[in-house]
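The first residue of the sequence shown is numbered 1, and numbering continues consecutively from there. None of the values given here were measured: they were computed from a predicted structure.
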Amino acid sequence: ALGSGSAFSASLSEASAGLSPRNFGATGNAIDAIAATGDPAALPLLQALADGTLEKAEDGRLVIVTDAGVTDALTGAALAEPPADSVKIRLNNRLRTQLRGAIGQFGLISPDPARRLAAVDALLNDRSPEGLGRLEAALAKEQDEAVAAQMRFGVSMLSLYADDPAKRLAGIEALSGLLDPRVQGVLAGYQASETDPELKQAAADALAAIEQKRFWMDIGVNLYQGISLGSILLLAAVGLAVTFGVAGVINMAHGEMVMLGAYTTFVVQSVIRSSFPWLFDWSLAIALPLAFLVAGAVGLLIERGVIRFLYGRPLETLLATW
């Protein structure tokens, strides 16, 4: 069906005629009609409407006006300038939500996985049974596992607004324990508005499962961060103790050595990115030994130029290295 261009072009032209700069109701009906054509040429038109760059002239012509130029919205032909009487087609919040769903409908059939992922995100704002049906139909045909996983998430989210209570319950159970930030907000709103006691309790249980999982995740993150920071302090303390125990030197230049290594890594990666981009995958492996060499060379210079004259005088070495 998507290949029969001329038939769809006529229907698209007819459907888009209802777009109105002043009548939100007419524009809403036109968006539904445009989406119903299934014509891929409708996607740029709908995207321009969403971006606020679609204008309509008194004679019914639709033009897309951007900084790059002016084009006819239906044919894509470049124009020298927009019609003198063209007016931007305005949207309200309801139409923006409706438009995201319509754009998502076309994105679901795109050959580009990134476009299909973006379409799923757009459809999450379309809480109509039609939006859920479109997403379920696309999921049945999806071959890319990453896209399919996002589609399954979208189906679970949109199932909360299905007419069938069994579908709503299945959606709640699928979302239970998920840490996606959108899930908690949606479930909280759903629980507050749901009147069915069973579904309301299921939403509360799902929220409790999310909170419990987040609690243990926070504990794990805090432990990891504590161990990571503690290991850095431990290394610094060991370095100070070894240096003082062996040479009688209190070395306060640890931070400088760390920064020299960090800047060496940064400079090496910057040079590789700009001059040897084919080596960038190996840039860290190249930078790490160079960071050690640079820090070690500076340490050697400090020892030969300053520290060797202060052995056995720890307070002076503390001041000199600080």
Side-chain angles (χ1 to χ4, degrees), residues 1-4 7-8 11-12 14-16 18 25 27-47 49-50 91 93-176 178 180 182-183 185-187 189-191 193-196 198-199 202-203 206:
L2 294 177
S4 53
F8 275 138
S11 60
L12 177 59
E14 181 180 346
S16 61
T27 298
N29 293 333
I31 291 172
D32 286 337
I34 292 170
T37 65
D39 189 343
L43 185 57
L45 187 149
L46 292 175
Q47 191 61 59
L49 181 58
L91 301 173
N93 288 337
R94 182 184 64 82
L95 288 177
R96 290 188 184 93
T97 301
Q98 180 182 353
L99 194 55
R100 283 194 292 267
I103 292 172
Q105 176 179 344
F106 286 96
L108 290 175
I109 60 175
S110 170
D112 182 6
R115 180 68 65 84
R116 297 200 299 276
L117 282 172
V120 176
D121 288 337
L123 277 174
L124 289 178
N125 297 296
D126 182 10
R127 298 177 177 179
S128 66
E130 293 79 11
L132 175 59
R134 288 195 291 265
L135 197 51
E136 287 176 329
L139 176 59
K141 302 174 184 176
E142 184 57 54
Q143 301 296 320
D144 188 300
E145 181 53 37
V147 179
Q150 188 66 11
M151 285 183 174
R152 285 192 290 270
F153 172 74
V155 167
S156 300
M157 291 280 278
L158 295 182
S159 294
L160 298 179
Y161 310 99
D163 296 329
D164 184 0
K167 271 194 172 184
R168 300 206 295 274
L169 182 60
I172 293 171
E173 291 173 349
L175 295 174
S176 178
L178 293 183
D180 189 295
R182 294 170 290 183
V183 172
V186 168
L187 282 177
Y190 178 83
Q191 183 195 12
S193 60
E194 181 57 63
T195 56
D196 187 309
E198 182 184 1
L199 293 175

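Taking 4.5 Å as the limit, every side-chain heavy atom of Leu175 sits out of range of all side-chain heavy atoms of Val186. Counting only heavy atoms from C-beta outward, the side chains of Val183 and Phe153 approach each other to under 4.5 Å.
Between the CE atom in Met157 and the CD atom in Gln150 there is a gap of 9.5 Å [rounded to 0.5 Å]. Of the inter-residue distances, the one linking Asp32 atom CG with Leu99 atom CG reads 10.5 Å to the nearest 0.5 angstrom. The structure places OG of Ser11 at 10.5 Å from CD1 of Ile34, a figure rounded to the nearest 0.5 Å.
Nearest heavy atom pair, residue Ala203 against residue Gln191, reads CB-CB, 3.9 Å. Ser159 and Leu132 get closest at one heavy-atom pair: OG-CD1, 4.0 Å. Considering all non-hydrogen atoms of both residues, Tyr190 and Arg168 come closest at OH-NE, 3.3 Å. When all heavy atoms of Gly154 and Leu135 are compared, the pair lying nearest together is C-CD2, 3.5 Å. Here the closest non-hydrogen pair linking Ala202 and Leu169 is CB-CD1, 3.7 Å. Between Ala146 and Leu117, the shortest heavy-atom distance links the atoms O-CD2, 4.2 Å.
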Worked verdict on Leu199 versus Leu160 for side chain to side chain contact (heavy atoms under 4.5 Å, CB included): CA-CA 10 Å; Leu199 293 175; Leu160 298 179; over 6 Å; no
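Formation of a donor-acceptor pair under 3.5 Å by the Gln98 side chain with backbone atoms of Gly28 is found in this model.
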